[in-house]
Protein chains: 4
Amino acid sequence: MRRKSGDKEKRIADAAIRVFGRDGYHGAKITRIAEEAGVATGSVYLYFRNKQSILQYLFAKLWKELHVGFAYVAQQADLDPRTKVELIIDGILDQFEKNPSLALLFVNEQTQLLRDGTGEFMQYYVDFLQLGERVVRDGIRKGVFRPDVDPRIFTNLVFGATRQLLHQWARAPRQFPLDTVRREIKAVFFGGLLIPLSSTAPRA
Amino acid sequence: MRRKSGDKEKRIADAAIRVFGRDGYHGAKITRIAEEAGVATGSVYLYFRNKQSILQYLFAKLWKELHVGFAYVAQQADLDPRTKVELIIDGILDQFEKNPSLALLFVNEQTQLLRDGTGEFMQYYVDFLQLGERVVRDGIRKGVFRPDVDPRIFTNLVFGATRQLLHQWARAPRQFPLDTVRREIKAVFFGGLLIPLSSTAPRA
Amino acid sequence: MRRKSGDKEKRIADAAIRVFGRDGYHGAKITRIAEEAGVATGSVYLYFRNKQSILQYLFAKLWKELHVGFAYVAQQADLDPRTKVELIIDGILDQFEKNPSLALLFVNEQTQLLRDGTGEFMQYYVDFLQLGERVVRDGIRKGVFRPDVDPRIFTNLVFGATRQLLHQWARAPRQFPLDTVRREIKAVFFGGLLIPLSSTAPRA
Amino acid sequence: MRRKSGDKEKRIADAAIRVFGRDGYHGAKITRIAEEAGVATGSVYLYFRNKQSILQYLFAKLWKELHVGFAYVAQQADLDPRTKVELIIDGILDQFEKNPSLALLFVNEQTQLLRDGTGEFMQYYVDFLQLGERVVRDGIRKGVFRPDVDPRIFTNLVFGATRQLLHQWARAPRQFPLDTVRREIKAVFFGGLLIPLSSTAPRA
DNA sequence: GATGAATGAGCCTTCATTCAT
DNA sequence: GATGAATGAAGGCTCATTCAT
């Protein structure tokens, strides 16, 4: 008999990342994914129920991997909140460092899945946002973060900002080197844009 | 009552905002747009070359309107940089305050147009990013902003963060009231998350 | 504007009768139906939801027409039962006299629809079988038909026999002229095959 | 337990009868047949050239078995014609008594094979119809059957009627018990529906 | 022989766009 | 200009068949 080659699913998934990333979910043709995977069209359907489920699989996998890092952060009770925030940001950026296509997919096609609000990845996404909130709230309680920051909004700020820069990096890696991006995000989110006048927080 | 034919283009555009916003660019059907506009399918093509050009038109219009505010900011040589940044953020949020559908469109479908990199809106978008850079650079020169902030990256941070929160607001206005969002964005971007230890900037 | 030509639905339906009749439901391609109807492929879907619904429409129409005749028979309280049976048989045969393709469809593809047991036609079919039963039962009560005949089975006998001969006629009209078929069916079902032992043959 | 490989062909054939009968020829999937046969998909093709040939095989086998009984009838020169007709009807019904799936196959999918008019089974089918004709003609000659019956049409009447009732029985065995069906068919075809005017009904 | 993963031709259906009225 | 019926290219998916193991 013909053994499942084992890497075929991976080749399809990888091709899907490239094609979805390049052409967008709707611009991506199954036949093209199969072609780039070096596989017959029908073979795609041996491993995935349909086009939508490929995207779901990719996002579930992606968020599952992000989740591993986040879970680690969540468990370290003694880690200081600032480090936790840094680890979360790093966790996201590290995930894409080697794979710009994946970044494009992540940045552009999540909408596709959010629209119906189902799918395995949804849980991880919600978990992530909650984790962010918890970390910020914890930091506030410990007197490290400003008490007037809204944890949920802050988390979304970081996520949105990171997303945008990931996008820019994936489109023009030279102009947006990931290391610089990483440093800037942290610097701005921690210290803000203003030069503090004195020791009092200049907040409204 | 038979409305004046003169407003047909507007009715189509408005319907398109709703339908694109609700169903996404690819999920949107021309016939549905026509229907919501109270117009025959074919009439859409009297005012727009094709589906893509409707989206281009909407984004061009949107960015043109944003641009008006930005241009004002750019011209005020004497305005302090911090206020300029605030005006830019406000400019974006104000644009969508009355129109969640437009926010969804703005947030979800820009990708569609970025993909091919052409279109009138592109110029406005690039202009906007350059304006942001200039304002930040100006602030640094004037000693108001931290000198180690990368102006281009900072601009993208703000844009990405705003985008994300606009999305959340449009999806759940109660949980993300625009006023709170507006205040938080400014607070965080200006002052950061950390409570300054003393007067020295705590940057790496 | 372009007015619905009006006969397009009919042309598609007629083409469908031919193609379904000739190639069978599964062998029939929508594109071929459209072609024979002198219509674009997509136009088929202006008039019918999908392939299956074309078949359903045709059977519903067919049985509705048969039903008209049957309903007449059912209402005539004073008609003698034998004439009623004759009218029913005639009703079926008349329906197909002008249209062998329709006969092939009727004879071969009803299975397709019986399988799921739904559809408008189903009701007419059941009605028809019940009408047959009622007529036979009535005939028995009136002492015209043999009392030991099972009305339901008899009805099915007639239907099955008629179906088979319709099939043969549609395949080879010369070998199975409809008039002969009609006469034979009645003769056999009324008088049977045997020569009555003691009486003269009561045949027409 | 691993069954002897020798019965694989039979297991496939039996599974095919069930699956074809249940799902129809086109609804039947080779993989499903293999599964029900407890055999790998590819193995089906070790025993049968293709899907169509499975059906052909089944019908050939079926008709070959029917033919055995018919051949016996044909050879008995001294058997009275009426008995011959009865034996033919019994032959058909007996064949399916134990196997409703086979009945469904027989009743629904013969069309599939008639369409192209080839196949081994075709000869047996034609033979059967000719036998019927011969028997009826013989009966007429012997003065037992009505001289005005068309032998070919009569044969088709019997075949069609039997087919229909086999179908009903296979769908609802309780409502159409095979014994009742058998009796009714004979009674009606021999004696007809009408009560002979001057004689007593010559029914069993 | 046996297996079941792999193949790819083929078809139903959608929908942006056109065009006769 | 306005209409909406008509068009037909294109693509997701199925499944009979093949073939490497």
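Quick caveat: nothing in here was measured; it's all calculated off a predicted structure. Letters A, B, ... mirror the listed sequences (proteins, then strands); counts begin at 1. What you see below is based on every heavy atom in this structure, not just the backbone, and it leaves out hydrogens, waters and symmetry mates.
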Seminar exercise, completed: Separation of E:dA6 atom P from A:Asp7 atom CG, nearest Å, is 9 Å
Which protein N or O atoms sit under 3.5 Å from an N or O of nucleotides 8-11 of chain E?
residue: E:dG8; atom: N7; partner: A:Gly42; partner atom: N; Å: 3.1

For this session: Would you sketch DNA chain F in dot-bracket for me? Only Watson-Crick or G-U wobble pairs with both distances under 3.5 Å count, crossing pairs as [ ], other-strand pairs as |, the rest as dots.
Result: .||||||||||||||||||||
For this session: Would you kindly compare A:Asn50 and C:Gly38 by the position of their nearest DNA chain F nucleotide and give the one closer to the 5′ end?
Result: C:Gly38
For this session: Enumerate the residue pairs fulfilling salt bridge (Lys or Arg N to Asp or Glu O under 4.0 Å) with a member in residues 37-59 of chain B, sequence neighbours excluded, ordered by first and then second residue.
Result: none
Problem set entry | Distance in angstrom units between C:His26 NE2 and F:dC15 C1', rounded | 13 Å
Exercise. Under 4.0 Å: is that the gap between some side-chain N or O of B:Tyr47 and OP1 or OP2 of F:dA2?
Worked result: yes
Seminar exercise, completed: Applying salt bridge (charged side-chain N to carboxylate O under 4.0 Å, His left out) to B:Lys29 and not counting sequence neighbours gives none
Exercise. Taking atom C1' of F:dG4 as reference, at what distance in whole Å does atom CD1 of B:Ile33 sit?
Worked result: 16 Å
Exercise. Would a 4.5 Å heavy-atom cut-off, applied to side chains only, mark C:Phe59 and C:Phe106 as touching?
Worked result: yes
Exercise. Looking at residues at least two apart in the chain, or sitting in another chain, which of them share a side-chain hydrogen bond (donor to acceptor under 3.5 Å, both in side chains) with C:Lys64?
Worked result: C:Glu120
Exercise. Taking atom C1' of F:dT17 as reference, at what distance in whole Å does atom CG of D:Leu46 sit?
Worked result: 12 Å
Exercise. Just by modelled atom types, is the B:Gln52 backbone N or O under 3.5 Å from a matching donor or acceptor in the B:Tyr57 side chain?
Worked result: no
Problem set entry | Residue list, side-chain hydrogen bond (donor to acceptor under 3.5 Å, both in side chains) with C:Glu65, at least two apart or on another chain | C:Lys61, C:Gln95
Exercise. Roughly, in whole Å, what's the span from CG in C:Leu55 to C1' in E:dC12?
Worked result: 15 Å
Exercise. Once you round it to whole Å, what is the distance between P of E:dG1 and NZ of D:Lys8?
Worked result: 10 Å
For this session: Take atom OH of C:Tyr45 and atom P of F:dA5, then tell me their distance rounded to the nearest Å.
Result: 18 Å
Donor-acceptor pairs under 3.5 Å, side chain of residues 110-117 of chain B to any protein atom, not counting sequence neighbours: which ones?
residue: B:Gln110; atom: OE1; partner: B:Trp63; partner atom: NE1; Å: 3.3
residue: B:Thr111; atom: OG1; partner: A:Asn108; partner atom: OD1; Å: 3.2
residue: B:Asp116; atom: OD2; partner: B:Thr118; partner atom: OG1; Å: 3.1

For this session: Give the rounded distance in Å between these two atoms: CZ of C:Arg32 and P of E:dC12.
Result: 13 Å
Seminar exercise, completed: Between A:Val44 and B:Arg49, the residue closer to the 5' end of DNA chain E by nearest nucleotide is A:Val44
For this session: Please list, chain by chain and in numerical order, all residues satisfying side-chain hydrogen bond (donor to acceptor under 3.5 Å, both in side chains) with B:Asp14, sequence neighbours excluded.
Result: B:Lys10
Below 3.5 Å, can you tabulate the donor-acceptor pairs from side chains in residues 35-46 of chain C to any protein atom, sequence neighbours excluded?
residue: C:Glu35; atom: OE2; partner: C:Arg32; partner atom: NH1; Å: 3.4
residue: C:Glu36; atom: OE1; partner: C:Arg18; partner atom: NE; Å: 3.2
residue: C:Glu36; atom: OE1; partner: C:Arg22; partner atom: NH2; Å: 3.3
residue: C:Glu36; atom: OE2; partner: C:Arg22; partner atom: NH2; Å: 2.4
residue: C:Glu36; atom: OE2; partner: C:Arg32; partner atom: NH2; Å: 3.3

